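See below for the structure under consideration.
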Amino acid sequence: MDERTRVLAAGRDPVRNEGAVAPPLHRHSTVVLERYADLYRDDIRTYGLEGGAVHEALRTALIEVEGGAGCELVPSGLSACALALMAFVSAGDHVLVPDSVYGPTRRLLRNTLARFGVSADWYDPRIDGPGLEALLRPTTRMVWFESPGSLTFEVQDVPALAAVCAARGIMTAIDNTWAGGVYFKPFDHGVDLSIQALTKYQAGHADVLAGAVLSRTPAQAKRVRATFKELGLGLSPDDAALILRGMRTMHLRMAAQDASARAIAGWLETRPEVAAVLHPALPSSPDHALWRRDFTGAAGLFGVVLHPVEEARIAAKLEGYRLFSMGFSWGGYESLVIPCDQQLGQRTIPWRAVGPLLRYSIGLETPADLIADLEAGFARLTGS
Ligand SMILES: *Cc1c(COP(=O)(O)O)cnc(C)c1O
């Protein structure tokens with residue numbers, strides 16, 4: 001059966017659940033056991049931290065999408081990044097991270113993990129296999145990927161980079177949030193861990209935070225599970241139910257948002273105010289060939305580089321939108337925009353663009369309405 005069909009079936013058991021299509025949502029800390037011998041077993045559920053039927057259904061749905069030997073659910077995408085790192089790195093270890101990494105992951109490495117003796121270096125996301133090999137140290141424990149990168153959307157040659165790491169026994173992890181797990185399959189390329197910010201397309205409605213770490217092998221899954229329990233990162237059943245509900249329509253929403261975003265990105269490319277559109281599905285993208293080779297679709301999230309313009313003009317353009325709201329996060333049904341230059345200052349490799357960078361998340365509104373809103377925005381930008 002197709003992936004979309006399997007996600008719709010995941011965790012459904014109406015006979016066991018008194019006819020309900022959705023799995024039961026149990027709020028529990030204590031799990032009462034009938035048999036003395038069961039209390040200290042680790043192969044059955046003995047405490048609320050491990051979740052209940054709704055968590056099990058959500059884990060099943062996520063594994064239907066990405067595959068893998070196990071999946072842990074945590075309270076945010078960022079805590080999923082933290083769990084993936086903390087499960088495997090130790091004091092003295094070195095981690096390589098693309099310079100286009102999600103900003104808070106960089107902050108975690110620079111602060112908390114540095115305090116625990118983990119060092120990190122930031123590499124050019126478009127690096128090739130030999131280039132990455134030259135950066136590896138004897139202490140390199142893990143290589144992190146994020147493709148396309150946050151804000152600047154560079155596509156990484158994940159198969160080539162993962163092969164270099166696998167040959168040296170170095171673990172690999174990917175923040176696969178942009179593709180939602182749907183349009184890129186890390187385990188097919190030998191990547192060890194896939195991280196999802198479920199807050200984005202899985203949730204789809206901008207009303208819940210959650211994250212997941214999926215592991216390729218049973219041994220990795222066991223280690224992630226042990227660290228998950230040590231850190232006590234449990235996800236509430238209410239939040240798990242919201243994410244599961246979102247996943248039932250995720251493939252349809254993503255396809256609609258992808259089509260809409262590509263149409264809008266193409267239109268933006270024709271605008272005189274725009275210097276470049278950063279979207280790997282556009283044939284003009286330097287990453288287009290790589291994206292076509294490895295991805296089956298695109299998120300509705302992309303960047304727009306404007307020609308140099310006064311910041312007050314950008315503020316007028318963004319504040320005046322009727323449909324695009326200014327706000328962080330993305331993947332919801334509503335369109336969003338943020339200015340990015342403030343975040344790009346964190347990078348090791350200086351970001352050089354002709355002008356300011358904006359990031360757009362395209363929602364489920366009718367594309368013509370969004371284009372009309374963008375068109376009015378350009379009038380505010382140029383003062384025409
Ligand atoms: C949003 C995001 C995260 C973090 O997710 P939260 O649920 O907001 O913590 C991690 N990685 C990427 C690429 C993201 O876009």
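Predicted model only: the values in this text are computed from it and were never measured. All ligand and atom numbering here is 1-based and tracks the order in the structure.
- Heavy-atom proximity to E146, at under 4.0 Å, picks out these atoms of ligand 1: 13 (C).
- Residue K200 places at least one N or O, backbone or side chain, under 3.5 Å from an N or O of ligand 1.
- Listed by number with element, the atoms of ligand 1 under 4.0 Å from a non-hydrogen atom of L209 are 7 (O), 8 (O).
- A distance-only check finds a donor-acceptor pair linking the side chain of T177 to the backbone of A197 [under 3.5 Å].
- Within 6.0 Å of the CG atom in D42, the count of heavy atoms belonging to other residues, nucleotides or ligands does not exceed 12.
- Of the candidates E50, E56, H55, H28, R45 forms a side chain to side chain donor-acceptor pair (under 3.5 Å) with just one, namely E56.
- In terms of polar-atom proximity, defined here as any N/O pair under 3.5 Å, G77 does make such a contact with ligand 1.
- Residue T199 has at least one heavy-atom neighbour below 4.0 Å for each of these atoms of ligand 1: 6 (P), 7 (O).
- Nearest protein heavy-atom neighbour of atom 9 (O) of ligand 1: L78 N, 2.9 Å.
- Using a 4.0 Å cutoff on heavy atoms, W330 counts as a contact of ligand 1.
- Cation-pi geometry between R110 and W122 is met: under 6.0 angstrom from the ring centre, within 45 degrees of the axis.
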Donor-acceptor contacts, no H, no angles, side chain residues 161-169, under 3.5 Å, sequence neighbours left out:
none

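- Closest protein heavy atom to atom 11 (N) of ligand 1: D175 OD2, 2.6 Å.
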With a 3.5 Å cut-off and sequence neighbours excluded, list the donor-acceptor pairs that the side chains of residues 372-384 form with protein atoms.
residue: D373; atom: OD1; partner: R322; partner atom: N; Å: 2.9
residue: D373; atom: OD2; partner: R322; partner atom: N; Å: 3.3
residue: D373; atom: OD2; partner: L323; partner atom: N; Å: 2.7
residue: D373; atom: OD2; partner: F324; partner atom: N; Å: 3.2
residue: R380; atom: NE; partner: A316; partner atom: O; Å: 2.9
residue: R380; atom: NE; partner: K317; partner atom: O; Å: 3.4
residue: R380; atom: NH2; partner: K317; partner atom: O; Å: 2.7
residue: T382; atom: OG1; partner: F378; partner atom: O; Å: 3.0
residue: T382; atom: OG1; partner: S384; partner atom: OG; Å: 2.9

